[in-house]
Q: 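This is the structure, below, for whatever I ask next.
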Amino acid sequence: MIEPSPHLRTTADAYDAVAVRYAEFVRGSLDALPLDRAVLAAFAELVRTSTAGPVAELGCGPGHMTAHLRELGLDAFGIDLSPVMIDLAREAHPDLRFEVGSMDALDLADGELNGIVSWYSVIHTPPRDVPSYFAEFRRVLAPGGHLLLAFFESEDEPVTAFDHKVTTAYRWPIDDMAELAGEAGFHEVGRMLREPREDERYRRGHLLMRMNDQ
């Protein structure tokens, strides 16, 4: 087994420590976010009308988003770095599949997936490592598969680290994130920028990407 990098160990430990509180915080969070739900619905429709195959939520946390994807008609399962988060997800959603794993080294076959949702899950990745994550996403996606990214947007600033409540995270210019995904073999289908709500600090970026046909 490959030894995880220091930042992966730090991230897993940080989320293990707050897993119960985090699960309570995100429960029902999509109810007040119509634009987020719209992006997820668009992703689900595109996946349902393309090639067959499962959808992985990478960085699934306590499983609420994976459950929402299943409600949208997708064959969805979740993967997360935090064992405690996976335990909570399995307890809350015993009918769904959840596994401990890292986005940079997925235990999945080449082309196994029809879709990937990375919902605020690459935010803790050091910027220099993000291209390798996108390369792994490309490996496990079937040609024509779709990728949905959600992240904190930097609002005309360069990539910027900030004091996320769990562990250090990064805000990205949406054009830079799209360019990196493009270099990995994805092309943009659409994007959505959402201004922060009263209880949020930063603008939110969303990119809907399609993997180039091989």
Q: Would Val100 end up clustered with Met103 when hydrophobic side chains under 4.5 Å apart are linked, directly or stepwise?
A: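 Each belongs to a different hydrophobic cluster.
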
Q: Given Asp156 and Arg203, is the salt bridge (Lys or Arg N to Asp or Glu O under 4.0 Å) satisfied, shown in steps?
A: CA-CA 11 Å; Asp156 300 322; Arg203 180 188 290 171; 5.3 Å; no

Q: Would you say Leu74 and Phe43 make side-chain contact, with heavy atoms under 4.5 Å?
A: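 Leu74 reaches Phe43 side chain to side chain.
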
Q: Are the side chain of Thr66 and the backbone of Glu57 linked by a donor-acceptor contact shorter than 3.5 Å?
A: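 Checking the backbone N and O of Glu57 against the side chain of Thr66, no donor-acceptor pair under 3.5 Å is found.
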
Q: Closest heavy-atom contact between Ala184 and Ala135?
A: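 Closest approach of Ala184 to Ala135, heavy atoms only: CB-N, 4.4 Å.
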
Q: Does some side-chain heavy atom of Phe137 sit less than 4.5 Å from a side-chain heavy atom of Val122?
A: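 Yes; the side chains approach each other to less than 4.5 Å.
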
Q: Can you tell me if Arg90 uses its side chain to pair, donor with acceptor, with the backbone of Pro94 under 3.5 Å?
A: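 Here the side-chain-to-backbone pair does not exist.
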
Q: Show the nearest heavy-atom pair for residues Val26 and Pro62, with the distance to one decimal.
A: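 Residues Val26 and Pro62, closest heavy atoms: CG2-CG, 3.8 Å.
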
Q: For the pair Asp175 and Arg191, evaluate salt bridge (Lys or Arg N to Asp or Glu O under 4.0 Å) and give the outcome as yes or no after the intermediate values.
A: CA-CA 10 Å; Asp175 288 337; Arg191 62 175 62 188; 2.8 Å; yes

Q: Which atom pair, heavy atoms only, marks the closest approach of Ala109 to Glu112?
A: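 The pair with the smallest heavy-atom distance is N-OE1, 2.7 Å.
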
Q: Determine the minimum heavy-atom distance between Met209 and Ala178, stating which atoms define it.
A: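 In terms of heavy atoms, the two residues are closest at CE-O, 4.1 Å.
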
Q: Without swapping roles, check the side chain of Arg197 against the backbone of Leu33 for a donor-acceptor pair under 3.5 Å.
A: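 No.
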
Q: Quick one: does any side-chain atom of Arg37 pair with a main-chain N or O of Asp31 as donor and acceptor, under 3.5 Å?
A: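 Answer holds: yes.
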
Q: How many angstroms lie between atom NZ of Lys165 and atom CZ of Arg21, to the nearest 0.5 angstrom?
A: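 If we round to the nearest 0.5 Å, Lys165:NZ and Arg21:CZ are 10.5 Å apart.
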
Q: So Trp119 and His206, would you call those rings parallel, tilted or perpendicular, with 30° and 60° as cut-offs?
A: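 Tilted: the ring planes of Trp119 and His206 meet at 30° to 60°.
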
Q: Would you check if Ile86 and Glu99 make a side-chain contact, meaning some heavy-atom pair closer than 4.5 Å?
A: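 Answer no - side chains too far apart.
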
Q: Rounded to the nearest 0.5 Å, what separation is found between the CE atom of Met192 and the CG atom of Leu207?
A: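 The CE atom of Met192 sits 10.5 Å away from the CG atom of Leu207.
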
Q: Report the distance from atom NE2 of His93 to atom CG of Leu88, rounding to the nearest 0.5 Å.
A: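 CG of Leu88 is found 10.0 Å from NE2 of His93.
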
Q: Considering only NZ, NE, NH1 and NH2 on the basic side and carboxylate oxygens on the acidic side, decide whether Arg139 and Glu136 come within less than 4.0 Å.
A: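 Yes, Arg139 and Glu136 are salt-bridged.
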
Q: Under a 4.5 Å cut-off applied to non-hydrogen side-chain atoms, are Ile174 and Glu188 in contact?
A: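 Counting from C-beta outward, Ile174 and Glu188 never come under 4.5 Å.
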
Q: Looking at Asn114 and Ala142, would you say the former's side chain and the latter's main chain have a donor-acceptor pair under 3.5 Å?
A: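 The answer is no, because no donor-acceptor pair under 3.5 Å joins these two groups.
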
Q: Under the ring-ring contact (aromatic ring centres under 6.0 Å, His included) criterion, do Phe162 and Tyr202 qualify, and how do the steps go?
A: CA-CA 10 Å; Phe162 72 96; Tyr202 303 121; 5.0 Å; yes

Q: Indicate, with yes or no, if Leu147 and Leu72 share a hydrophobic cluster defined by side-chain heavy-atom contacts under 4.5 Å among Ile, Leu, Val, Met, Phe, Trp and Tyr.
A: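 Cluster IDs for Leu72 and Leu147 match.
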
Q: To the nearest 0.5 Å, how far apart are CH2 in Trp172 and CZ in Phe152?
A: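 Here the rounded value is 15.0 Å.
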
Q: Is any side-chain heavy atom of Asp104 less than 4.5 Å from a side-chain heavy atom of Leu8?
A: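 A side-chain contact under 4.5 Å exists here.
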
Q: Mind checking the CG-NE2 spacing from Leu208 to His187? Nearest 0.5 Å is all I need.
A: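 If I round to the nearest 0.5 Å, the distance is 9.5 Å.
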
Q: Any side-chain heavy atom of Glu153 within less than 4.5 Å of one from Met177?
A: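 The answer is no; the side chains never approach within 4.5 Å.
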
Q: I'd like to check Phe98 versus Glu91 (side-chain heavy atoms, cut-off strictly below 4.5 Å). Are they in contact?
A: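 A side-chain contact is absent here, since even the closest heavy-atom pair is not under 4.5 Å.
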
Q: What are the two closest non-hydrogen atoms of Ser121 and Gly59, and how far apart are they?
A: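 Minimum heavy-atom contact is CB-CA, 3.9 Å.
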
Q: Using every non-hydrogen atom in the two residues, find where His124 and Ala169 come nearest and quote the distance to one decimal.
A: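 The pair with the smallest heavy-atom distance is ND1-CB, 3.7 Å.
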
Q: Out of curiosity, does Leu108 fall in the hydrophobic cluster containing Phe186 (side-chain heavy atoms, cut-off under 4.5 Å, transitive links)?
A: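 Same cluster.
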
Q: Do Leu180 and Tyr133 have side-chain heavy atoms sitting under 4.5 Å apart?
A: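 No; the side chains remain at least 4.5 Å from each other.
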
Q: Is the backbone N or O of Ala76 less than 3.5 Å from a side-chain atom of Arg70, with the two atoms forming a donor-acceptor pair by type?
A: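 Answer holds: yes.
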
Q: Does a salt bridge link Arg194 with Glu200, judged by any charged N lying under 4.0 Å from a carboxylate O?
A: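 A salt bridge is present here (some side-chain N lies under 4.0 Å from a carboxylate O).
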
Q: Looking only at atom types and distance, does a side-chain atom of Ser29 sit under 3.5 Å from a main-chain N or O of Arg27, one as donor and one as acceptor?
A: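 Not a single qualifying donor-acceptor pair exists.
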
Q: Rounded to the nearest 0.5 Å, how far does NE2 of His146 lie from OG of Ser50?
A: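 One finds 6.0 Å between OG of Ser50 and NE2 of His146.
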
Q: Does the Arg204 side chain pair with the main chain of Asp36, one donor and one acceptor, at a distance under 3.5 Å?
A: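 No.
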
Q: Side chain to side chain contact (heavy atoms under 4.5 Å, CB included), that's the test. Do Thr125 and Tyr170 meet it? Break it down for me.
A: CA-CA 8 Å; Thr125 305; Tyr170 299 88; over 6 Å; no

Q: Start with the C-alpha distance between Leu30 and Leu40, add both sets of side-chain angles, then the distance that settles side chain to side chain contact (heavy atoms under 4.5 Å, CB included), and finish with yes or no.
A: CA-CA 10 Å; Leu30 278 174; Leu40 289 159; 4.0 Å; yes

Q: Please answer whether the main-chain N or O of Gly61 pairs with a side-chain N or O of Asp80 as donor and acceptor at a distance below 3.5 Å.
A: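 Indeed, once roles are kept as given, a pair shorter than 3.5 Å links the two residues.
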
